[in-house]
Amino acid sequence: MTEEKSLNFLEEIVENDLKAGRYTSITTRFPPEPNGYLHLGHAKSICLNFGLALKYGGKTNLRFDDTNPVTEETEYVDNIKNDVAWLGFSWANELYASDYFPQLYEFALKLIRKGLAYVDDSTSEEIAASKGTPTSPGKDSPYRNRSVEENLTLFEQMKAGKFKDGERVLRAKVDMAHTNMHMRDPILYRIKHAHHHRTGDTWCIYPMYDFAHGQSDSIEQVTHSICTLEFVPHRELYNWFIEKLEIFPSRQYEFARLNMTHTLMSKRKLLQLVNEGHVSGWDDPRMPTLSGVRRRGYTPESIRDFCDRVGVAKRDNLIDISLLEFCVREHLNKVSLRRMVVFDPLKIVLINYPEGKSEMLRSENTPGEEGVTYREMPFSRELYIEKDDFMENPPKKYFRLAPGQMVRLKSAYIIKCEEVVKGSDGTILEVRCSYIPESKSGSDTSGIQVKGTLHWVSANHAVPAEVRIYDRLFTVEDLGTLEGDFRDHLNPQSLVIKRVYAEPELGKAAPDERFQFLRMGYYCLDPDSKPDKLIFNQTVTLRDMWAKEAKKG
RNA sequence: UGCCCGAUGGUGUAAUUGGCAACACGCUUGAUUUUGAUUCAAGAAAGUCCAGGUUCGAGCCCUGGUCGGGCAACCA
């Protein structure tokens, strides 16, 4: 049982650092920008950052990378905090890059004094043009050799609001011919006369990512700064600032971001889906956002398990969404309450069951568990079963209801199909069956063995409900390598709404309860639900071997 | 044309650091089952991108290729 799981490359780095005595404890951070909602890709990062600190006895800060006032909002901050907490992690400190604006300003001054930064009056276009290309060197800015004093004065004036947006920037003086584009005199500060969600109008100059992130890590004494692969080229700059500023040497390590089949993991594109109304919002249950999967009924446990199984490495990956589904099923199978709901009703009339009679039958809430509990459901002469559970001319391996055949009604009786009643157009109106009184569940003395067991609901006792059934958001597997517009591949069937018949017990459903609708799938109450209008979301279907068998023909 | 990453069953990760390529999902088959679910058992599936080299021995080391990804926002 004590089988050792091998370490991933990040754990290996941490263990080596600890072993070498480089640190006595580690600090990580999760650094979201508050300009959108968190998605499954962030969940991977959260699990990695918090998981590392948990495993090696360190701490993790939640730090908002809020250096761009025009895209960032408090609403996002609140939702991000909620999502991280929901996932099950608690941060050591709630911090903001904007808390460090005064310190970052001092850092900039230090670079200027060292002759390592200068104010550039060039336009954005001029700077882009002189940057060169990956294969050809850039050209020095004409303002590159200003004196320290002039730079100090100009930068002071930038801060004081003497200039308009875009008029000047502060740049690091590195090397315009560097093979790494990020080292070609990167911009440190830009002018934005914009209201910041936390600092208000205190500042009109804001640091760029490169001049804020690493320094924030350093200020917080983050030992292992973990980020995704696209930041690999930034690492050289990250280290350059640490060296020139002579500050705590945080180290950056990169891993491959999570990609999943049939969905997107890009904040920008997800925002587009929201803004264009392709989904109902960030928390639409079809969205890969944490708020979306939460509303869909996914549990934090299942998502953490998923992140664990997905692993971490540096090669590009495309995770099959069926792994995520496996993880929820595995958890929900243990914790969900069993209920019966008929989606597509076919009326069954029990010809030998007294009219007007009804009885309460008990059925287990959670089978397989030791402290098994039960709920009761009404049984009567007229029932609904699933249309799919009856066939007039069944194929060979069909063991549901058919003329002359017997099936068990779950937690109730065995019934036998006696007669099919059709309308003038040939459609089946109802199926008349006999029931076997001695076959009552729990006290069956009939000795009859049947192959099939069906879920059912008493026609006169069932409560109507709405069920929202979800399918993959996109019809194509790999959205990443797709040329053209990703919206062309939206799945028109990603949401199907059905009117269904639920057993009465579901009228008491609570928002935090998870249900398994027997033989149908896992469901939970949607926030839109009201006592007089029940609405359930399908989290995921059950595994369905019969569907596979039937497809074979 | 430059620089930087990466390459192991269908997918994702391993391989005690040079010693018979393993685990999970998926797939197939069987058993159990009052959910065609769950559970259990068995099985198919890669010889590690290619070519050389070092070595008794290479998925791991070296050389050269090939392929995939990233890098030129006053975004993060």
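Not measured: the values here are computed from a predicted model. Just so it is clear: chains get the letters A, B, ... in the order the sequence lines come, proteins before strands, and each one is counted from 1.
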Remember a base hit wins even if backbone is also touched, and classify A/Phe231 as base, sugar-phosphate or nothing at under 4.0 Å, heavy atoms.
base
Residues of residues 160-170 of chain A with any non-hydrogen atom less than 4.0 angstrom from an atom of RNA chain B: list those, numerically ordered, please.
A/Gly166, A/Val169
Take atom P in B/G69 and the same atom in B/U17, then report the distance between them in whole Å.
35 Å
Need one value for A/Glu12: base, sugar-phosphate or nothing, where a base atom within 4.0 Å counts as base even if backbone is also close, heavy atoms only.
base
Mind checking if A/Met208 touches a base, just sugar-phosphate, or nothing, with heavy atoms under 4.0 Å?
sugar-phosphate
Mind checking A/Lys410 for me? I need base, sugar-phosphate or nothing, with any heavy atom below 4.0 Å counting as a touch.
base
Pick from A/Phe517, A/Phe343, A/Tyr384: which one makes a ring pair (Phe, Tyr, Trp, His ring centres under 6.0 Å) with A/Tyr501?
A/Tyr384
Only stems of 3 or more consecutive Watson-Crick or G-U pairs count here, both distances under 3.5 Å; name the ones for RNA chain B, or none.
B:2-7 with B:66-71, B:10-13 with B:22-25, B:27-31 with B:39-43, B:49-53 with B:61-65
Please report the closest heavy-atom contact between A/Phe390 and A/Cys417, naming both atoms and the distance.
CE1-SG, 3.8 Å
Between B/U33 and B/G26, how far apart are the P atoms? Round to whole Å, please.
24 Å
I want to confirm an ordering. Mapping A/Pro31 and A/Met520 to their closest nucleotides on RNA chain B, which one lands closer to the 5' end?
A/Met520
Using the glycosidic torsion, which applies to B/U17: syn (within 90° of 0) or anti (everything else)?
syn
Taking the C1' atom of each, how far is B/A58 from B/U63, in whole Å?
15 Å
Looking for any heavy atom pair under 4.0 Å, which part of the strands does A/Gly138 touch: base, sugar-phosphate only, or nothing?
nothing
Is a salt bridge present between A/Glu503 and A/Arg338, judged by a nitrogen-to-oxygen distance below 4.0 Å?
no
For residues 172-191 of chain A, which residue pairs qualify under salt bridge (charged side-chain N to carboxylate O under 4.0 Å, His left out), counting only residues two or more places apart or in two chains?
A/Arg144-A/Asp185
For B/G47, does the O4'-C1'-N9-C4 or O4'-C1'-N1-C2 angle fall within 90° of 0, making it syn, or is it anti?
syn
Tell me what A/Phe64 touches on the nucleic acid: a base, only sugar-phosphate, or nothing, going by heavy atoms under 4.0 Å.
nothing
Would you say the side-chain atoms of A/His262 pair up with the backbone N or O of A/Val476, donor to acceptor, closer than 3.5 Å?
yes
Pairwise P distance, B/U48 and B/A24 [rounded to whole Å]:
23 Å
Could A/Glu301 and A/Lys334 be called an ion pair, given the rule that one side-chain N must be under 4.0 Å from one carboxylate O?
no
Is it true that A/Tyr374 and A/Glu364 share a donor-acceptor pair across their side chains at a distance under 3.5 Å?
no
Which part of the nucleic acid, if any, lies within reach of A/Arg309 when heavy atoms closer than 4.0 Å are counted: base, sugar-phosphate only, or nothing?
sugar-phosphate
Note: A/Glu11-A/Lys55 ion pair, threshold 4.0 Å (strictly below)
yes
Classify the ring geometry of A/Tyr206 against A/His196: parallel below 30°, tilted from 30° to 60°, perpendicular beyond 60°.
parallel
Assign A/Ser136 to base, sugar-phosphate, or nothing according to its heavy-atom contacts below 4.0 angstrom with the strands shown.
nothing
Name the nucleic acid region contacted by A/Leu318, choosing base, sugar-phosphate or nothing; use a 4.0 angstrom heavy-atom cut-off, strictly under.
sugar-phosphate
In terms of side-chain geometry, is the basic nitrogen of A/Asp99 or A/Arg63 positioned less than 4.0 Å from the acidic oxygen of its partner?
no
Sidechain N-carboxylate O distance under 4.0 Å for A/Glu330, A/Arg309:
yes
When you measure from the side chain of A/Asp66 to the backbone N and O of A/Ala97, does any donor-acceptor pair fall under 3.5 Å?
yes
P atoms of B/A45 and B/C40, separation to the nearest Å:
24 Å
Taking any heavy-atom pair under 4.0 Å as a contact, classify A/Arg268: base, sugar-phosphate, or nothing.
nothing
Is A/Asp544 touching bases, backbone alone, or none of the nucleic acid, heavy atoms closer than 4.0 Å?
sugar-phosphate
Going 5' to 3' along RNA chain B, between which two nucleotides do contacts with chain A fall, using a heavy-atom cut-off of 4.0 Å?
B/U1 to B/A76
Separation of the C1' atoms in B/C25 and B/A14, to the nearest angstrom
15 Å
Quick check: on RNA chain B, is the nucleotide nearest A/Ser411 upstream (toward 5') of the one nearest A/Gly311, or the reverse? Name the residue that is more 5'.
A/Gly311
Taking A/Lys44 for the side chain and A/Ala256 for the main chain, is one N or O donor matched with an acceptor at less than 3.5 Å?
yes
Distance, C1' atom - from B/A22 to B/U39, rounded to whole angstrom
24 Å
Using the six-membered ring wherever Trp is involved, compare the ring planes of A/Tyr105 and A/Tyr189 and label them parallel, tilted or perpendicular (cut-offs 30° and 60°).
perpendicular
What residues from residues 119-128 of chain A pass a heavy-atom cutoff of under 4.0 Å to RNA chain B?
A/Ser122, A/Thr123, A/Ser124
Members of residues 171-184 of chain A that approach RNA chain B, where some heavy atom sits under 4.0 Å away:
A/Thr179, A/Met181, A/His182
For nucleotides B/A7 and B/G59, find the distance between their C1' atoms and express it as a whole number of Å.
11 Å
At 4.0 Å (heavy atoms only), tell me whether A/Leu518 reaches a base, stays on the sugar-phosphate, or touches nothing.
base
Are any of the side-chain nitrogens in A/Arg408 or A/Asp444 under 4.0 Å away from the carboxylate oxygens of its partner?
yes
Donor-acceptor pair, A/Ser250 side chain versus A/Val222 backbone, under 3.5 Å?
yes
What nucleic acid atoms does A/Phe326 come within less than 4.0 Å of, heavy atoms only: base, sugar-phosphate, or nothing?
sugar-phosphate
A/Thr289 (side chain) donor-acceptor with A/Trp282 (main chain) under 3.5 angstrom:
yes
Carboxylate-amine/guanidinium contact A/Arg146 A/Asp121, below 4.0 Å
yes
Within 45 degrees of the ring normal and closer than 6.0 Å to the centroid, is that where the cationic atom of A/Arg168 sits relative to A/Phe163?
yes
Applying a 4.0 Å non-hydrogen cut-off, can you work out what A/Tyr189 is touching in the nucleic acid: base, sugar-phosphate, or nothing?
nothing
